[in-house]
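Okay, structure first, notes after.
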Amino acid sequence: MAIPYNHREIEEKWRKEWEAHPVNIDDGKKPKYYCLDMFPYPSGKGLHVGHWRGYVISDVWSRYKMLNGGHYIIHPMGWDAFGLPAENFAIKMGVHPAKSTAENIANIKSQINQIAALYDWDMEVNTTDPEFYRWTQWIFVKMFQEGLAYEKEMPINWCPSCKTGLANEEVVNGKCERCNSDVTKKNLKQWMLKITKYADRLLADLDKLDWPEKVKKMQADWIGKSYGAEVDFPVEGKEEKITVYTTRPDTLYGATFMVLAPEHAMAAALSVPETKDAVERYIYEASLKSNVDRLQDKEKTGVFTGSYAINPLNGARVPIWLSDYVLADYGTGAIMCVPAHDDRDFEFAKKFQIPIVQVIAKDGKEIENMTEAYTEASGVMINSGEWNGMESAVLKKEAPVMIEKRGLGRKTVNYKLRDWVFSRQRYWGEPIPIIHCPKCGCVPVPEEELPLLLPEVESYQPTGTGESPLAAIEEWVNTTCPVCGEPARRETNTMPQWAGSSWYFLRYVDNKNDKELVSREKADKYLPVDMYIGGVEHAVLHLLYSRFYTKFLHDIGVIDFDEPFVKLFNQGMITGKNGVKMAKSKGNVVSPDDLVRDYGCDSLRIYELFVGPPELDSEWDDRGIDGVYRFLTRLWKLVLDHKDTQTKASKEMLKVRNRMIHDITQRLENFSLNTVISGFMEYNNKMIEMARTEGIDRETLKTVVVLLAPFAPHISEELWRALGEETSVFHATWPEADKEAMADTEKEVAVQINGKTRAVIRIPADSTREEAIAAGKEALGNRLSGNVVKEVYVPGRIINIVMK
RNA sequence: GCAGGAGUGGCGGAAUGGCAGACGCAUCAGACUCAAAAUCUGACGUAGGUGACUAUGUGUGGGUUCAAGUCCCAUCUCCUGCACCA
């Protein structure tokens, strides 16, 4: 009788052994494989079972790559430690964020170590470490020098609760991504990053990424490329022209009015004495509205300016209106309105009784009593002068060129992507390394003076005025200009949390380099990331920013690749009962600590995968872990009871062994990790059954132990040694399935009449169609009455006799 | 509104167009035990039958096919993303 499975003892034993003799070693000859987790924010709350799942998935994949292919695995971990929670904690408790962050890191690190992943802590990085953010600042300086970082005063998204400006990507449905407060607009002088310069490459290069289609599509939609034309409309009685952007230049003849955003530079100037008050009031009221108000307005509002523009194509006089359904920062902030062929224009025209002119025939004719806009670009042009009779779909493409030729406008491409608002009016972030000199303008802090350290402050409280708490430290703010030496002032805003996470993955492989961000030699050897694993919530934030940073660093020669993450996997969330997100406030947080103590790390690792498909959300239910524990116990007993067996593998056993190799490997390659586990259970049951009847051989036992090693490293290592091996199971080679040994000599075939199974027979695997059908008919016996219309034989699976 | 994904036992979930419900949880019965736990064996969609079995069954309604959870059309529900981008 074998000794019982004592998970605590063996897990502790092997953990010590692996620490003393690491199994993942770079000998300079092995191929590298870089498997990365999205690094965590070191929150005070610690890890729950949902965090675990992502880390287990990446570790299983890493260990699999180590065994299958003999890779040296780069599997680092670090801390995304700037950000609001630590700062808010500082405000409340008066503890410096660096201190609380350090404590949280220590705590989470010990929790992460319970996973027994391959993390190489020598590579650890921390975004708040001056030796790290020195390079975050260095990248900013380079961007400034390349003209990609610029200062601009404009109305930006402002979170009144966080008291800071936000990037577009951080505003979700008009609310702050972090605290869910309604976002307002505030006019502020901001540092901006010209991510739009990369819009085209960010879009086009999505094609070369092995990423979930969903994420690629989200990024493509976010970049939002559209093709169209700008058309210049002269304004009656004025010198200036108003330029509109349209994707439907084919409908130019149908433009019966024009609408400008209330923030348009010419908006106020277009009023006439009779409309002056109303126009000014509308502009003022629009400025007070939050994004949410704007989005929630069900009915369109607007005001007529009193001025008219001239349709450059047909000379028609079109009234100019102001309305907040036109966005100031997309296109030109002004649109031509074709109510017959655009839903929004139609609604507006109906409300304000503006004429509607149809220019595309629907089903060959003009619509009487139009009740909704006809928005398809298909049909023949009507009421369109020289364009009459053309196909609108064709004209849509040709019109921009025609307009450009006639000097009325130009062909253009537009993007929804906006430049990245990069200033934050908060304390706990990287200081932006810029000095404002009255004479020389904006001057970057010289490279040799980086890092520009974040100074101590007395109050972390955000000021709410649009300045960060740093502005209050006179002795820090006042400095001298590095160019002319005259008195100058430091930039007091800090960077957003995304700054460090946009490039941290490069630093891991050379984290102690004090000369460069990363040496070219190490970058060439270890980068880019082969597999990136994390939640889908960063689809357009972190993942877009990282691609932008990588392309920039590529362009200035730091690295020679321009996409950071070759392959991406998004794991689903683990939720509490009924799909409710795990949160302290909901009281449904499941901590891994107790489960590890009671069932062991190996059991929890396996159960994390067994709860459901890794890419989908799964509800956590503690009870299921018993099944996993039983499985490991049964396997434990099987191996130890037969470790000294002299049995030779039967043909049947060879079949089982090779099929197990094949199934487990294939499911693993498909990332179907939940069915890998059910596969292990299935084969385990089969092996136990066979061990009882005919005995089991050592080679089969060794095979299952190697296959299980990436999932349950401790028990696998223990059983591996029990089977007489001297070196670690992680130095073994992943077995390969022998296709011939897998083959059946006999097949079980269902015999059906009209698609309903009436018998099951066993026939030789090499039976011909005729032999099989004959055997099937025999099995059916006297059920087989009536006219046989058709006989279907699917080799090795089905015989179907169709009768009338 | 637009786009994408999903709907299968009491539950989590399996099924290259080929015997639906693998694997696990829970439940029930049996063995072992003085007893319980653990372990082992078995049953476990629904309806009917003592029974081998029969019928029925993958959100709903149609269709294609010898054969549909899987493909096509329509429809309902839920989830995710985007949302006045002209």
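Order of the sequence lines sets the chain letters (A, B, ...), proteins ahead of strands, with each chain counted from 1.
- Side chain of V792(A), nearest nucleotide from A86(B), C19(B), C66(B): C66(B).
- Rounded to whole Å, the separation between the P atoms of A52(B) and G45(B) comes to 13 Å.
- Using a 4.5 Å heavy-atom threshold, the side chains of V421(A) and N168(A) count as separate.
- Between V540(A) and V802(A), the residue anchored nearer the 5' end of RNA chain B, judged by the nucleotide with its closest heavy atom, is V802(A).
- Heavy atoms of N674(A) sit under 4.0 angstrom from primed sugar atoms or phosphate atoms, though from no base atom.
- When Watson-Crick and G-U wobble pairs are counted only if both distances are under 3.5 Å, A74(B) pairs with U60(B).
- The side chain of S678(A) has C23(B) as its nearest neighbour among U41(B), C66(B), C23(B).
- Using modelled atom types, one finds a donor on one side chain and an acceptor on the other under 3.5 Å when comparing D232(A) with T243(A).
- Nucleotides U70(B) and U16(B), compared at atom P, are 13 Å apart to the nearest Å.
- For the C1' atoms, the distance from A15(B) to A83(B) is 38 Å, rounded to whole Å.
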I'd like to know whether R762(A) forms a side chain to side chain contact (heavy atoms under 4.5 Å, CB included) with K747(A), so could you lay out the CA-CA distance, the side-chain angles of the two residues, the decisive distance to 0.1 Å, and finally the verdict. CA-CA 5 Å; R762(A) 298 186 68 90; K747(A) 291 276 187 188; over 6 Å; no

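- The distance between atom CZ of R248(A) and atom C1' of A86(B), rounded to the nearest whole Å, is 10 Å.
- Of the candidate nucleotides C66(B), A15(B), G18(B), C66(B) has the atom nearest to the side chain of K790(A).
- In G9(B) the base sits syn relative to the sugar, since the glycosidic angle is no further than 90° from 0.
- Rounded to whole Å, the distance from CG on D617(A) to C1' on U80(B) is 9 Å.
- F257(A) and F352(A) have their aromatic ring centers separated by at least 6.0 angstrom.
- Using a 4.0 Å heavy-atom distance criterion, K214(A) is classed as a sugar-phosphate-only contact.
- Under the Watson-Crick or G-U wobble criterion, with both distances below 3.5 Å, G17(B) is left unpaired in every strand shown.
- Set against G18(B), G24(B), A86(B), the side chain of R797(A) has G18(B) as its closest nucleotide.
- As the counterpart of G42(B), C28(B) is assigned, both hydrogen-bonding distances of the Watson-Crick or G-U wobble pattern falling under 3.5 Å.
- Here, A68(B) and G18(B) have their P atoms 11 Å apart, quoted to the whole Å.
- The pair E299(A)-K351(A) meets the salt-bridge criterion, with a side-chain N (NZ, NE, NH1 or NH2) lying under 4.0 Å from an Asp/Glu carboxylate O.
- Within the structure, a side-chain polar atom (N or O) of R630(A) is placed less than 4.0 Å from OP1 or OP2 of C25(B).
- For E347(A) against C84(B), no side-chain N or O and base N or O form a donor-acceptor pair under 3.5 Å.
- Across all strands shown, G1(B) forms a Watson-Crick or G-U wobble pair, both distances under 3.5 Å, with C82(B).
- Close to G24(B), at under 4.0 Å from its OP1 or OP2, lies a side-chain N or O of N685(A).
- U54(B) and A47(B) make up a base pair, with Watson-Crick or G-U wobble contacts both under 3.5 Å.
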Any chance you could lay out the side-chain hydrogen bond (donor to acceptor under 3.5 Å, both in side chains) test for Y325(A) and T301(A), step after step, and finish with the verdict? CA-CA 8 Å; Y325(A) 82 87; T301(A) 61; over 6 Å; no

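- Taking for each of Y330(A) and G612(A) the nucleotide of RNA chain B with the nearest heavy atom, the 5'-most of the two is the partner of G612(A).
- Checked against A55(B), A83(B), U16(B), the side chain of W222(A) finds its nearest nucleotide in A83(B).
- Counting non-hydrogen atoms under 4.0 angstrom, F631(A) reaches nothing in the nucleic acid.
- When the P atom is used for both A67(B) and A74(B), the distance is 23 Å, rounded to whole Å.
- The shortest distance between side-chain heavy atoms of L313(A) and L408(A) falls below 4.5 Å.
- Checked by atom type, the side-chain pair S672(A)/T675(A) shows a donor-acceptor distance below 3.5 Å.
- Following rounding to the nearest Å, I753(A) (CD1) and C66(B) (P) show an atom-to-atom distance of 18 Å.
- On the P atoms, U65(B) is 34 Å away from G10(B), given to the nearest whole Å.
- Comparing the same atom, C1', in U60(B) and in C23(B) gives a spacing of 30 Å after rounding to whole Å.
- One interatomic measurement links the two molecules: CG of L544(A) to P of C82(B), which rounds to 13 Å at whole-angstrom precision.
- Between A86(B) and S226(A), a contact under 4.0 Å exists linking OP1 or OP2 to a side-chain N or O.
- At least one side-chain nitrogen or oxygen of R692(A) sits closer than 4.0 Å to the OP1 or OP2 atom of U41(B).
- Ring orientation note: the planes of W636(A) and Y5(A) are tilted relative to one another, at an angle of 30° to 60°.
- Taking atom CD1 of I320(A) as the reference point, atom C1' of A86(B) lies 17 Å away to the nearest angstrom.
- Rounded to an integer number of Å, the gap from CG of D250(A) to C1' of A86(B) is 12 Å.
- Note on E791(A): nothing from the nucleic acid sits closer than 4.0 angstrom, heavy atoms only.
- Nucleotide A68(B) forms no Watson-Crick or G-U wobble pair with any nucleotide shown, as no partner meets the under 3.5 Å limit on both distances.
- For R667(A) and A14(B), the CZ to P distance is 11 Å, given to the nearest whole Å.
- Distances shorter than 4.0 Å separate none of the side-chain N or O atoms of Y325(A) from OP1 or OP2 on A86(B).
- Remark: P of U39(B) and CH2 of W636(A) are 16 Å apart, rounded to the nearest angstrom.
- The side chain of N800(A) sits closest to A67(B) out of U80(B), A86(B), A67(B).
- A gap of 24 Å separates the C1' atoms of G48(B) and G42(B), to the nearest Å.
- A sub-4.0 Å separation between OP1 or OP2 of U54(B) and a side-chain N or O of R758(A) is present.
- The side chain of T246(A) has A86(B) as its nearest neighbour among C23(B), C84(B), A86(B).
- Out of C25(B), C66(B), A86(B), the shortest distance to the side chain of L327(A) is found at A86(B).
- Regarding contacts with the backbone of U56(B), a side-chain N or O of K756(A) is found under 4.0 angstrom from either OP1 or OP2.
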